[in-house]
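Notes follow once the structure below has been shown.
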Amino acid sequence: MRPRVLMFGWEFPPHNSGGLGTACLGLTRALAKEEVDVTFVLPKRVDLKSDHTRFVFADDGREKVNIKFRKIDSIIQPYLTSDGYIKELDRVTKKTIYGKSLIDEVKRYAQEARIIAAEEDFDVIHAHDWLSFLAGVEAKKVSGKPLILHFHATEYDRSGGQGANPEVFDLETYSISQADRLVAVSGMTKNILVDKYGVSPNKVEVIHNGIEMPDNNEVSATLEDVKAQGTKIVLYLGRITIQKGPDYFIQTAGRVLDLYDGKVLFVVVGSGDMHRQMIDQAASMGISDKVIFTGAMFGDEATRMFKTADLFVMPSVSEPFGLVPLEAALQGTPAIISKQSGISEVMVDALKTDFWDIDEMTNQIINVLKHGSLQNTLAKNALSEAKRLTWEVPAKKCVSLYNKVIRSVGSKTG
Amino acid sequence: MASVCFYFQVHQPYRIKKYRIFDIGKGNEYFNDRSDCDLNNEKVLLKVAGKSYLPTNKLLLDLLKKHPEFKISFSFSGVFLDQLEEFSPETLLSFQELVDTGQVEVLSETYYHSLSFLYSREEFKKQVERHKRKIKKIFNVTPEIFRNTELIYNNDLAWEVEQMGYKGILAEGWDDILGWRSPNFLYSTPGTKKIKLMLKNYKLSDDIAFRFSNKGWGEHPLTAPKFSNWVNAVNGNGNVVNLFMDYETFGEHQWEDTGIFNFLKALPAELLKHPDNDFVTPSEALEKYNTVGELEMSHFVSWADMERDLSAWLSNDIQHDAIQKLYNLEKEVLATEDSSIIEDWRRMQTSDHFYYMCTKYFNDGDVHKYFSPYDSPYEAFISFMNAMSDLKLRIEKAKKEKSQKTNRVRKIKLSIT
């Protein structure tokens, strides 16, 4: 039987700002190849109305279309583009605060989901991350179909392990109680669900993300002048927020500049609530001329930056998965990744370190900069590894999970 | 007639500790990890001695006494013997007891278990000589048969080793080279005069070394009678069955609970049941049998991995970079005449360092990972290169001191005349 999936998401490329949209695109494309019918529901974004038509794969004619898109009337904004709107760091309590309106929008999305669930025909509900969990729960209430919650992150990660927003945490906990199965993007995330949310390990399946070649891979490198002078480029690319460990990157940059006698430039790509703080930190360390802040980059611009860099560093404090090192790998750039990331469970052709171990990160960076052989060997092996880690395996795991929950619900009612 | 020739390789490298960029120039040693991890050479040696060397030595000593016809041979790397002297004299003594039975032959190899033959013939010869002296000192015997690191072999090596006075040499009996020929005969090498080539019967050797405990293997469990039958089958179409393997097979690669010790204990008597079987040391095999033909091996062959080539140590950029840069230092290192610099440089030549850097099947979690004490091949490379950077600083310092000394002496001489 061909499973029909009602999928609730939040964002979708090219209008995504985090890994969630990218993951949804990769997963749905691979599911289409596995002969799964997916109806993907997105909260409508007024300002992007015309762009939504580009989401439908039928337009590019390259792939078989088993996926159609639904959008609902809501004013929800993707949670990562506008940190000011969605969450901000309370300067006094250091806690993450979500705008009141966001929770309201999540609830409104859930109400709309009831109508969609009544209109559509499907066998299973699959919801991605907390913003769409309530929608999934409501769809289940209306339809009686099994519900799978897919955790790309938890509120626990988003707050860097400190001061989780109780409202969001409660929402996650409630949704979990209503769900039939959970999917975690890494063993690390599964552990958090078990330890912090009290979920039974048997209820959680680990399905690591995959990666796709970017639609446009034919971009050229940038910063030619700098590179031409023999300057090596070490890249940070991600939101500039506590969860991603940008401060460790800046501190490490200072350490490398003290010890390494070659030319090196540190490039920080991204935006976020710690942006100013990082610029100030670099200035106070006296390395402002060696650390460049470019602002956020997506799509071709990001691809170009990966291609330019000699080394990508991901010092995340807590990273449920973390696809970026594989994106860098696809552009021939090796990576240093923190051991506190889901990706470190699957990626072997990378250097690994604890996010707090500035000495070790320095040791690794300098060795990559000094030894072309190390850079080449890492880059070559990481590229073939990234090409192997496609969405095919995760999609197959999802299909078998769909069949499992559909069967068990069927046997319960029948 | 089927003679059985056992050769056991006994080797432990001096693993380089986690050596970071901050260690360079600080006078920190390379091989003295004292932590609880597998870079701690003493810890590893004592662990393997307890699980493998001591119990196997005891078992073999009993067998040699019980069966005067039973013969075996060993090749010990010099760095292994050094570690026994340093960490476990008790184990060294038990090896000496084995050799003292007169039923045990000791083979020749490079002191540092190195790939020096590939990079410097001068260095290669020095290491073989040094090993010979060490064996004489410890066991009071002089090896006459050579085996190169990891059974790496080609025609040139046989020629070189013959010049050095050896009468026999060991190599892998790999199908790709042998074709229709059997490894159970002696061969000669093109361009040499007398040196004889003994080839590993890799199928029978690996049945013990690799497949013994593999429950997925059709022949599992392997018993002494079953194995003896396979050896008996060679009678009539072969002279000598060469069973070459790592000594750690017994108790370390194959744990005691697999029954490996019971298997070994029963094997000599079982093999001797067949009237045409006997045991020989490599030297005895050469005495006893003539070569049956010439075997051309112009490319290097080893006993490692499925490829049986050099790729375990030399297949990616980091391996080539590390080893080439190490051998580039040869002249400067020797010119320092500083024994500790020279010793450290040589310990860094041990093939294991380059094996740890292998990325061939790193993804599949294969045997390289199993044998590596590092988190990844890249980590192995980083520690190695940082240690080499430190070594370079020491060389520079020694050079400077030497030239200052020369200047002082010259000044004094001038002042006298």
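Every value quoted in this text rests on a predicted model; they were computed, and no experiment measured them. A note on names: the letters A, B, ... follow the listed sequences, proteins ahead of strands, and every chain is numbered from 1.
A donor-acceptor contact shorter than 3.5 Å is absent between the side chain of B/K18 and the backbone of B/E379.
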(message) Between A/Q331 and A/E327, is the side-chain hydrogen bond (donor to acceptor under 3.5 Å, both in side chains) condition met? List the steps.
(response) CA-CA 7 Å; A/Q331 304 309 322; A/E327 293 175 332; over 6 Å; no
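Both the backbone and the side chain of A/Q364 have a heavy atom closer than 4.5 Å to some heavy atom of chain B. Residue contact with chain B, scored on non-hydrogen atoms closer than 4.5 Å, involves the side chain of A/K370 exclusively. Using a 4.5 Å cut-off between heavy atoms, A/L259 touches chain B through its side chain atoms alone.
Geometrically, B/R15 does not engage B/F31 in a cation-pi contact defined by less than 6.0 Å to the ring centre and at most 45° from the axis.
Between B/F354 and B/F384, the ring center distance clears the sub-6.0 Å criterion.
With chain B as the partner, the residue from A/K352, A/K380, A/R255 showing the most heavy-atom pairs under 4.5 Å is A/R255. Chain B forms the most heavy-atom pairs under 4.5 Å with one residue out of A/I366, A/L351, A/T362, A/N367, and that residue is A/N367.
Salt-bridge formation is not detected for the pair B/K17/B/E29: no Lys NZ or Arg NE/NH1/NH2 atom is positioned less than 4.0 Å from an Asp or Glu carboxylate oxygen.
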